[in-house]
Undergrad: 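Input: one structure, supplied below.
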Amino acid sequence: MSVRTVSQLQKGEKAVIRSFTDRVMSLKLLEMGCVPGCEVRLDAVAPLGDPICINVGGCYSLSLRLNEASTIEIE
Amino acid sequence: MKQENIKIALVGNPNAGKSTLFNALTGLRQKTGNFPGVTVEKKSGTFRLAGSNGSSDRDVTVVDLPGTYSVYPKSADEGVVMDILANPKHPDYPAAVVVVVDASNLQRNLLLFTEISDLGIPTILALNMLDVAASMKLTVNAVQLAMQLNVPVVKINARTSEGIPNLQQAIRQVVEQTEKPEQKYFYVPKGNEPALIEEVKELHKLDNDYVALQYVCQHDNFSFLAQPVRAKLDSLIEKYEFDETGFLADETIARYKTIKPIVEKSVKSEGATEQPLWTRKLDKILLHPLWGYVTFALILMVIFQAIFAWASYPMDWLDENTASFISWVKEVLPKGVLNDLITDGVLAGIGGVIIFIPQIAILFGLVSVLEESGYMARVMVIMDKVMRRFGLNGRSVVPLISGVACAVPAIMTTRSISSRHERLLTILVTPIMSCSARLPIYSILIALIIPSTKVFGIFNMQGLVLFGLYFLGLAGALASAWILSLFIKRTEPGYFMLEMPTYKVPRWGHVGFMMYDSVKSFVLEAGKVILAISIVLWVLSSYGPGDHMEVAEQQAVSAMPQAPEEEVAAAVASARLESSYAGNFGRFIEPVIRPLGYDWKIGIALLASFAAREVFVGTMATIYSISGDSEDVLTVKERLVKEKNDHGGPMYTPAVCYSLLIFYVFAMMCMSTIAVVYRETHGWKWPLIQLGYLMVLAYVSAFSVYQLMS
């Protein structure tokens with residue numbers, strides 16, 4: 001099975017961040033608190049399916065585009 | 001001994017309560033450098049620090065730096081933070097930094113704190129939003145945190161001003177300490193980084209490792225470094241084979257590794273943490289596929305209703321009072337050239353600005369309520385995909401909405417858009433949104449050609465046409481963005497990534513301050529332009545080359561010997577105007593605007609309104625030589641109805657009026673906007689391109705409308 005990313009999460013589903021696929025994007029995600037090992041949960045999807053809102057580590061809600069979310073690999 | 005003023009800076013993540021703390025510290029003793037928007041322009045303020053142990057009171061200047069997640073900037077406004085903190089010669093370089101931290105999200109907030117602390121500037125940690133943390137069943141041990149971080153930690157509640165005196169005392173202690181306590185570094189350079197750091201420190205006489213690393217990583221963002229210095233740093237990067245992106249990721253991960261045990265030691269959590277319940281519940285509605293858009297549409301309707309219906313009462317009141325004030329001044333002052341200049345030129349012009357105050361205040365009040373409540377972030381989310389179709393960003397929604405009041409503050413709010421490409425597009429199209437200065441032009445022309453009849457029993461026909469013009473502005477802005485995005489090469493992928501703040505009740509005092517501040521800046525900035533234009537215009541239309549005006553006057557008098565005095569006077573004024581400098585100029589450009597259906601008189605008004613659109617109606621009033629109150633739209637309207645064209649028919653046919661309306665929807669007739677685009681894009685290239693394409697668009701559209709309708 002191929003590696004799943006945050007963009008493939010179902011609503012309400014939880015996952016743990018494993019790694020990033022894009023170096024530049026990973027930097028921004030790290031600064032926003034998306035650290036490998038951190039738990040995320042898909043909270044909401046914008047009406048047109050993109051962007052999505054994820055809960056980061058139970059702390060706060062982060063909104064990001066699907067192409068940004070697809071650079072976060074999860075397990 | 002007189003002690004000098006202490007400077008401190010506030011730094012923190014967006015939504016950590018930094019601006020609230022700034023207001024709590026300084027109260028109303030603050031000033032913004034420029035037009036406020038919802039954006040974080042550099043704000044500064046002062047407070048008085050009470051003396052202790054026999055020392056005297058001292059004044060402290062606080063600079064509120066833009067909110068940022070790290071010292072590495074992602075957008076134009078975030079760049080300001082390090083441009084100041086890495087440059088001790090900067091006038092705003094602080095003696096101490098207060099890092100405001102959201103206690104409910106400590107780990108992420110501490111990333112910025114450790115970076116700032118490593119810069120070697122004395123740092124204080126203000127622990128905010130403990131109440132939010134408590135509602136998430138988190139308890140933070142401030143003493144433990146202070147021991148771990150080796151800096152003073154002060155518990156505050158910025159919204160209720162709790163803990164502010166303690167913070168002030170901590171600031172005093174930090175800036176007055178004679179011996180600097182041992183610095184704790186949260187990042188230890190590794191590999192060949194120390195060698196590179198040593199060389200940079202040597203070269204630039206720096207004493208801090210992390211500042212040296214910042215020179216390496218972001219020297220292109222530092223305004224205080226000259227080009228040769230940057231080139232030298234680039235060659236050092238090459239020499240040490242320093243990989244910037246890799247370093248930044250490694251550094252950030254290393255910092256989180258240091259932070260993790262600190263957070264574990266100082267934060268106690270009872271059960272799983274979760275965002276407040278009502279934020280989750282509200283998000284279910286406001287991000288809903290249907291209700292999300294319905295709510296947004298309703299809110300937009302309320303904003304429009306407020307700007308156009310509710311604002312009309314104070315506007316009418318202001319209008320009447322400025323009009324009677326001007327006629328009072330006209331009576332009191334001795335008759336003559338000076339009287340005319342002051343009343344017809346200066347006061348009439350200023351009156352035209354003052355009338356917009358209610359609209360500007362209401363719009364900025366409402367926008368700041370949306371910002372404060374946390375709703376604006378949701379709007380960006382639901383609009384992002386739509387906006388992206390046109391090459392824009394969800395964040396472009398705020399400038400576009402603000403553009404309905406005034407493009408100048410709207411363009412300043414684009415600073416929060418981190419992608420240069422999306423930001424530029426937003427700047428280029430925002431002026432097409434119909435700003436409040438177009439409203440008087442729309443009103444008078446619509447009143448001229450559209451009957452005030454009801455459609456379907458509820459809608460006023462004039463109102464529908466007005467709405468149509470606003471819609472045309474929005475459609476024009478989006479279409480232009482799409483077309484421009486085909487020509488302007490994208491240099492980097494656009495990105496969104498936005499923190500969704502929890503919903504909060506707006507701080508009404510802050511909303512009030514935003515309204516006051518936006519009105520103040522608007523009156524000062526726009527007032528200056530209009531003042532200058534009205535004086536210049538008055539001079540140009542009151543004087544002419546040689547004795548042309550006298551000759552024209554005599555001809556006008558002798559042409560109508562039997563006419564009543566009033567008509568003669570009107571004819572004389574009209575003849576004088578035609579032979580004045582302004583009249584000559586209008587005649588000169590007439591061939592260009594003829595295809596749009598305009599004559600030389602409209603030409604003068606067009607030229608004058610190049611400075612600011614709101615000048616148009618006032619100029620028409622002056623040109624059509626109306627005595628008395630030049631701001632009275634009805635009088636102008638009556639005069640326009642009577643105006644004849646060269647063939648004896650009415651001048652203001654529907655074709656001409658629609659042509660003018662369309663012209664003003666698109667034309668970039670505003671010097672302040674050109675100036676702000678120049679400032680925001682750092683050069684003349686983009687304002688000139690923008691001026692050019694909007695003029696062509698306006699001309700072609702007006703031409704098509706006129707030719708099709710006549």
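What you see below is based on every heavy atom in this structure, not just the backbone, and it leaves out hydrogens, waters and symmetry mates. So that the names make sense, note that chain A is the first sequence line, chain B the second, and so on, each numbered from 1. Just so it is clear, the model here is predicted, and its values are computed rather than measured.
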Undergrad: Is B:R388 close to chain A through its backbone or its side chain, or both, or neither, when contacts mean heavy atoms under 4.5 Å?
TA: side chain
Undergrad: Quick one: of A:L64, A:I52, A:D50, A:V45, who has the most non-hydrogen atom pairs under 4.5 Å with chain B?
TA: A:D50
Undergrad: Below 4.5 Å from any heavy atom of chain A, which atoms of B:T252 appear? Answer side chain, backbone, both or neither.
TA: side chain
Undergrad: So how far is it from B:K284 NZ to A:D43 CG, rounded to the nearest 0.5 Å?
TA: 8.0 Å
Undergrad: Side chain, backbone, both or neither: which part of A:V56 has a non-hydrogen atom closer than 4.5 Å to chain B?
TA: neither
Undergrad: Tell me, side chain or backbone of A:L27 under 4.5 Å from chain B's heavy atoms, or both, or neither?
TA: side chain
Undergrad: Which heavy atom in A:P47 sits nearest to a heavy atom in B:P289, and how many Å separate them?
TA: CB-CA, 3.5 Å
Undergrad: Apply the test side-chain contact (heavy atoms from CB on, under 4.5 Å) to residues B:Y293 and A:L48: give CA-CA distance (whole Å), side-chain angles for both, the deciding distance (0.1 Å), then the verdict.
TA: CA-CA 11 Å; B:Y293 288 115; A:L48 296 172; 3.5 Å; yes
Undergrad: Please lay out, stage by stage, how B:R280 and A:N55 fare under the test side-chain contact (heavy atoms from CB on, under 4.5 Å).
TA: CA-CA 11 Å; B:R280 281 179 288 153; A:N55 185 288; over 6 Å; no
Undergrad: Identify the heavy atoms of B:R108 and A:E31 that sit nearest to each other, and give their distance.
TA: CG-O, 3.4 Å
Undergrad: Using modelled atom types and a 3.5 Å cut-off, is there a donor and acceptor pairing between side-chain atoms of B:Y256 and backbone atoms of A:L30?
TA: yes
Undergrad: Only heavy atoms, only distances under 4.5 angstrom. Which residues in residues 65-75 of chain A are near chain B?
TA: A:R65, A:E68
Undergrad: Measure the spacing between CD of B:E499 and SG of A:C59 and express it to the nearest 0.5 Å.
TA: 10.0 Å
Undergrad: Rounded to the nearest 0.5 Å, how far does CG of B:N109 lie from OH of A:Y60?
TA: 9.5 Å
Undergrad: Heavy-atom distances under 4.5 Å only: say whether A:L29 touches chain B with side chain, backbone, both or neither.
TA: both
Undergrad: Rounded to the nearest 0.5 Å, what separation is found between the SG atom of A:C38 and the CD atom of B:Q107?
TA: 7.0 Å
Undergrad: So, taking the atom named CE in A:M32 and the one named CG in B:L111, what distance separates them when rounded to the nearest 0.5 Å?
TA: 11.0 Å
Undergrad: By a 4.5 Å heavy-atom criterion (distance strictly below it), what part of B:N393 contacts chain A: side chain, backbone, both, or neither?
TA: both
Undergrad: Run the side-chain contact (heavy atoms from CB on, under 4.5 Å) check on B:D283 and A:C53 step by step: do they pass?
TA: CA-CA 10 Å; B:D283 270 345; A:C53 295; over 6 Å; no
Undergrad: Using 0.5 Å steps for rounding, measure from the CD1 atom of B:I382 to the OG atom of A:S63.
TA: 11.5 Å
Undergrad: Select one option (side chain, backbone, both, neither) describing which atoms of B:K385 are under 4.5 Å from chain A's heavy atoms.
TA: both
